[in-house]
Chemist: 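Would you mind keeping the following structure in view while I ask a few things?
Computation of the quantities below employed the complete heavy-atom set of this structure, encompassing side-chain atoms and omitting hydrogens, waters and symmetry-equivalent molecules. Here is the naming used below: chain letters follow the sequence lines, and residue numbers restart at 1 for every chain.
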Amino acid sequence: MITDLAGIDFSADAFEVARQLIGVTLLVHGVGGRIVEAEAYDMSDAAAHSFNGPTPRNFSMFGPPGYSYVYRSHGLHWCLNFVCREPGHGAGVLIRALEPVAGLELMRERRGMEDERLLCAGPGRLCQALGVTRAHNNLPLAAPPFRLVAPDRALPVEVLAGPRIGISKAVELPWRFGLAGSRFLSKPMR
DNA sequence: TGTATGATCGCCT
DNA sequence: GGCGATCATACAG
């Protein structure tokens with residue numbers, strides 16, 4: 001167990017890590033919030049970038065667990081993943097939404113909007129708010145600029161699972177996890 | 001509340 | 001040349 005990572009064992013299966021990440025606070029240079037939505041991806045999973053093996057774009061998915069994988073989506077947005085399992089497994093968790101906690105003003109400035117609810121509601125929005133770019137690819141999550149903070153055990157979180165968003169393959173896998181009742185999800189959990 | 005569309009980059013066929 | 005783990009805007013109902 002790696003305690004620098006909010007007590008989460010990133011060598012576990014991606015769906016297990018995704019579920020455990022709900023409620024954990026993610027900070028990048030001190031800016032961020034509580035993770036309320038995450039999706040798991042695995043090499044055996046046709047919807048995953050790693051499905052067809054390593055490429056120049058996805059190589060960090062095949063690196064050590066507890067590292068970041070940042071990619072560009074649709075030519076304009078950045079998306080942040082946490083690598084899981086062992087090196088070579090190509091498993092990861094896409095961070096989809098945060099409840100903003102720290103650095104609200106900087107996030108509003110970067111996003112050019114006021115609505116707190118939409119600051120980090122979606123993988124692309126979240127990266128814009130936290131200033132995550134290609135420069136943050138393949139970095140250890142246990143070291144700056146990243147910081148993970150475990151949830152307060154006195155306040156247990158209720159986690160719901162459902163189908164993932166924005167994919168066309170392996171649509172049936174219930175590998176999207178979300179904090180029950182959160183206002184900060186990119187879409188409501190069913 | 002929902003569906004459609006354009007923006008625009010890097011990889012794969 | 002096509003397409004995608006997206007977002008913001010525009011319009012219909």
Chemist: Less than 5.5 Å between centroids and less than 30° between ring planes, does A:His74 satisfy that with C:dG4?
Modeler: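 The base of C:dG4 is stacked with A:His74 (centres under 5.5 Å, planes under 30°).
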Chemist: A:His49 NE2 to B:dC9 P: how many Å, rounded?
Modeler: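 Distance, rounded to whole Å: 17 Å.
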Chemist: B:dG10 P sits how many Å from A:Phe59 CZ, rounded?
Modeler: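 Checked: the CZ to P distance equals 14 Å.
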Chemist: Kindly point out which of B:dC9, C:dA5, C:dT6 is positioned nearest to the side chain of A:Leu76?
Modeler: C:dT6
Chemist: With rounding to the closest Å, how many angstrom separate the P atoms on B:dT5 and C:dG13?
Modeler: 15 Å
Chemist: Is A:Met113 touching bases, backbone alone, or none of the nucleic acid, heavy atoms closer than 4.0 Å?
Modeler: nothing
Chemist: Atom NZ of A:Lys169 and atom P of C:dC3: how far apart are they, to the nearest Å?
Modeler: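 Distance check: A:Lys169 NZ to C:dC3 P gives 11 Å.
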Chemist: Write down the partner of B:dT1 under the Watson-Crick or G-U wobble criteria, each distance required to be under 3.5 Å.
Modeler: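 Per the H-bond distance test, C:dA12.
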Chemist: Does a donor on one side chain and an acceptor on the other come within less than 3.5 Å for A:Ser60 and A:Asn137?
Modeler: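 Looking only at side-chain atoms, A:Asn137 and A:Ser60 do form a donor-acceptor pair, the distance falling under 3.5 Å.
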Chemist: Using a 4.0 Å heavy-atom cut-off, does A:Asn81 contact any base of the nucleic acid, only the sugar-phosphate backbone, or nothing at all?
Modeler: base
Chemist: In whole Å, I'd like the distance from the CZ atom of A:Arg164 to the P atom of C:dA5.
Modeler: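 Going from CZ in A:Arg164 over to P in C:dA5 covers 10 Å.
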Chemist: For C:dA5, is there a stacking contact with A:Tyr71, counting only centres under 5.5 Å and planes under 30°?
Modeler: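 No.
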Chemist: Give a yes-or-no answer on whether the side chains of A:Ser186 and A:Arg96 include a donor-acceptor pair shorter than 3.5 Å.
Modeler: yes
Chemist: CZ of A:Arg125 versus C1' of C:dT9: gap in Å, rounded?
Modeler: 12 Å
Chemist: Using a heavy-atom cut-off of 4.0 Å across all strands, would you classify A:Arg96 as base, sugar-phosphate, or nothing?
Modeler: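 The answer is sugar-phosphate, as A:Arg96 gets under 4.0 Å only of primed atoms, P, OP1 or OP2.
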Chemist: Are A:Arg19 and A:Asp13 within salt-bridge range, i.e. N to O under 4.0 Å?
Modeler: no
Chemist: Closest nucleotide of DNA chain C for A:Gly92 versus for A:Gln128: which of these residues is on the 5' side?
Modeler: A:Gly92
Chemist: Rounded off to whole Å, could you give me the CZ-to-P distance for the A:Arg117 and C:dC7 pair?
Modeler: 15 Å
Chemist: Separation of A:Glu37 atom CD from C:dT6 atom C1', in whole Å?
Modeler: 13 Å
Chemist: Return the pairing partner of B:dT8 with a 3.5 Å limit on both distances, Watson-Crick or G-U wobble; otherwise return none.
Modeler: none
Chemist: The side chain of A:Arg57 lies closest to which of these nucleotides: B:dC11, B:dC9, C:dC7?
Modeler: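 Per side-chain heavy atoms of A:Arg57, the pick is B:dC11.
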Chemist: To the nearest Å, how far apart are A:Glu39 CD and C:dT6 P?
Modeler: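 Value for this atom pair: 8 Å.
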Chemist: Relative to the 5' end of DNA chain B, which residue comes earlier, A:Pro56 or A:His77, by the nucleotide with the nearest heavy atom?
Modeler: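 Result of the comparison: A:His77.
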Chemist: Given B:dT8, B:dC11, C:dC7, identify the nucleotide with an atom nearest to the side chain of A:Thr55.
Modeler: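 Nucleotide nearest to A:Thr55's side chain: B:dC11.
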Chemist: Determine whether A:Tyr41 and A:Trp175 fall in the same hydrophobic cluster, where Ile, Leu, Val, Met, Phe, Trp and Tyr are linked whenever their side-chain heavy atoms lie under 4.5 Å apart.
Modeler: no
Chemist: Using the ring of A:Tyr71 (Phe, Tyr or Trp, six-membered ring only), decide whether A:Arg134 places NZ or CZ under 6.0 Å from its centre and within 45 degrees of its axis.
Modeler: no
Chemist: Using the P atoms only, state how far C:dA5 lies from B:dT13, rounded to an integer number of Å.
Modeler: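 Looking at atom P only, B:dT13 and C:dA5 are 14 Å apart.
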Chemist: Can a donor-acceptor pair be found between the side chains of A:Gln128 and A:Arg111 at a distance below 3.5 Å?
Modeler: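 Their side chains do contain a donor-acceptor pair, which is all the 3.5 Å distance test asks for.
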Chemist: Looking across every strand, which nucleic acid part, if any, lies under 4.0 Å from A:Arg176 by heavy atom: base, sugar-phosphate, or nothing?
Modeler: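 No contact.
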Chemist: Please work out if A:Ile167 contacts a base, only the sugar-phosphate, or nothing of the nucleic acid, heavy-atom cut-off 4.0 Å.
Modeler: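 Since only primed, P, OP1 and OP2 atoms lie under 4.0 Å of A:Ile167, the category is sugar-phosphate.
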